[in-house]
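As structure tokens, the structure follows; a few thoughts come after it.
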Amino acid sequence: MRRGTSTDRVDLLEETTQDAVPAKYGTHEPEGAAVHKTDLISASCCRRCSIRSEPIMRHVRSWWKSAVVILTPVLLLPILLLWKDQSYPNISSAAYIIMLMAVYWITEAIPLVVTSLLPLILLPALGVLTAKLAAVRYLTDTNMLFLGGLMMAVAIEKWDLHRRIALRLLLLVGSRPRW
């Protein structure tokens, strides 16, 4: 038999898995004397271990980004509400924006491009700067308007909204002009 065939890999897998049960499977002895090769693929070693952390972790991995996006502004809200300085009235708002961006940047819960554009929305919304002063750091206000239009066009195209609008107009007006 040639070296490196799939049967060699299965034999090697059976030899290495007969020694011990991996720690993540459970502390009791499995039903068989050895761990089968299918046990390495599945999330448990027997029926008693069928509810293990693997399905839970798979579920957590699917929604952790949404949790970060929703919970971070709420958890950082005390910075915005409780930290008031008379000499610098907008410092708490600026600190809130910086902390929010830092968490989003590190976790990449939202794309980095969107994270980098957050000051354009949050600085005017929280009263730190005007929209014109915030946009000057990125682009001129006309270029930013053009960029916003391009982002809207990409979003409309991605979700086929242009086709939905066209079909709705055809339903409303009809296919034959009546003039």
Side-chain angles (χ1 to χ4, degrees), residues 20-28 30 35 38-165 168:
V21 177
K24 75 175 186 177
Y25 290 135
T27 56
H28 65 277
V35 178
T38 57
D39 290 335
L40 292 175
I41 298 169
S42 67
S44 65
C45 62
C46 65
R47 290 182 191 259
R48 288 188 293 174
C49 292
S50 63
I51 302 174
R52 301 303 307 162
S53 63
E54 190 66 31
I56 295 170
M57 290 308 295
R58 195 174 322 132
H59 182 67
V60 168
R61 275 181 263 168
S62 68
W63 59 264
W64 74 269
K65 288 184 179 185
S66 300
V68 169
V69 170
I70 293 169
L71 290 178
T72 302
V74 174
L75 292 175
L76 293 176
L77 208 56
I79 293 173
L80 190 61
L81 298 177
L82 300 177
W83 186 24
K84 297 294 179 187
D85 190 4
Q86 299 300 328
S87 58
Y88 301 104
N90 293 330
I91 196 166
S92 63
S93 300
Y96 177 79
I97 294 169
I98 290 170
M99 294 291 217
L100 185 68
M101 286 185 61
V103 170
Y104 287 168
W105 195 278
I106 291 169
T107 61
E108 292 187 26
I110 57 176
L112 294 178
V113 175
V114 177
T115 304
S116 66
L117 293 175
L118 279 178
L120 290 174
I121 299 166
L122 294 177
L123 287 172
L126 295 176
V128 178
L129 290 174
T130 63
K132 188 165 187 145
L133 285 175
V136 165
R137 302 291 177 210
Y138 291 89
L139 297 167
T140 62
D141 51 353
T142 307
N143 288 344
M144 200 45 125
L145 182 65
F146 179 69
L147 183 65
L150 283 176
M151 287 191 288
M152 287 284 280
V154 168
I156 287 172
E157 186 177 350
K158 180 181 178 187
W159 296 105
D160 284 337
L161 191 59
H162 61 292
R163 289 185 185 174
R164 293 179 193 181
I165 292 172
R168 183 65 64 174

Verify the neighbour count for atom CZ of Phe146: are there more than 12 heavy atoms of other residues, nucleotides or ligands below 6.0 Å?
no
Point-to-point distance, once rounded to the nearest 0.5 Å, from CD of Glu157 to CE of Met152
13.5 Å
Examine distances only and state if a side-chain atom of Tyr104 and a backbone atom of Val69 form a donor-acceptor pair shorter than 3.5 Å.
yes
Looking at Val128, is its backbone amide N or carbonyl O close enough to the side chain of Ser93 to form a donor-acceptor pair, meaning the two atoms are under 3.5 Å apart?
no
Do Ile110 and Leu118 have side chains that approach each other closer than 4.5 Å (heavy atoms only, starting at C-beta)?
yes
With side-chain contact (heavy atoms from CB on, under 4.5 Å) as the criterion, how do Leu122 and Tyr96 come out once you've worked through the C-alpha distance, each side chain's angles and the decisive distance to 0.1 Å?
CA-CA 10 Å; Leu122 294 177; Tyr96 177 79; 5.5 Å; no
Interatomic spacing from CG in Leu150 to CG in Leu145 - rounded to 0.5 Å:
10.0 Å
Should we count NZ of Lys158 as having more than 12 external heavy atoms under 6.0 Å?
no
Could you tell me the separation between the OG atom of Ser92 and the CG atom of Leu80, rounded to the nearest 0.5 Å?
5.5 Å
Find the distance between CG (Asp160) and CD1 (Ile165) and round it off to the nearest 0.5 Å.
11.0 Å
To the nearest 0.5 Å, what is the distance between CD1 (Ile97) and CG (Leu100)?
8.5 Å
Find the distance between CD1 (Ile91) and CD1 (Ile79) and round it off to the nearest 0.5 Å.
11.5 Å
What heavy-atom pair brings Pro119 and Ala134 nearest, and what distance separates the two atoms?
O-CB, 4.4 Å
Is the shortest heavy-atom distance from the side chain of Arg164 to the side chain of Leu161 under 4.5 Å?
yes
Give a yes or no answer on whether the side chain of Tyr138 reaches the backbone of Asn143 with a donor-acceptor pair at less than 3.5 Å.
no
Heavy-atom count check: over 12 atoms from other residues, nucleotides or ligands less than 6.0 Å from Met101 CE?
yes
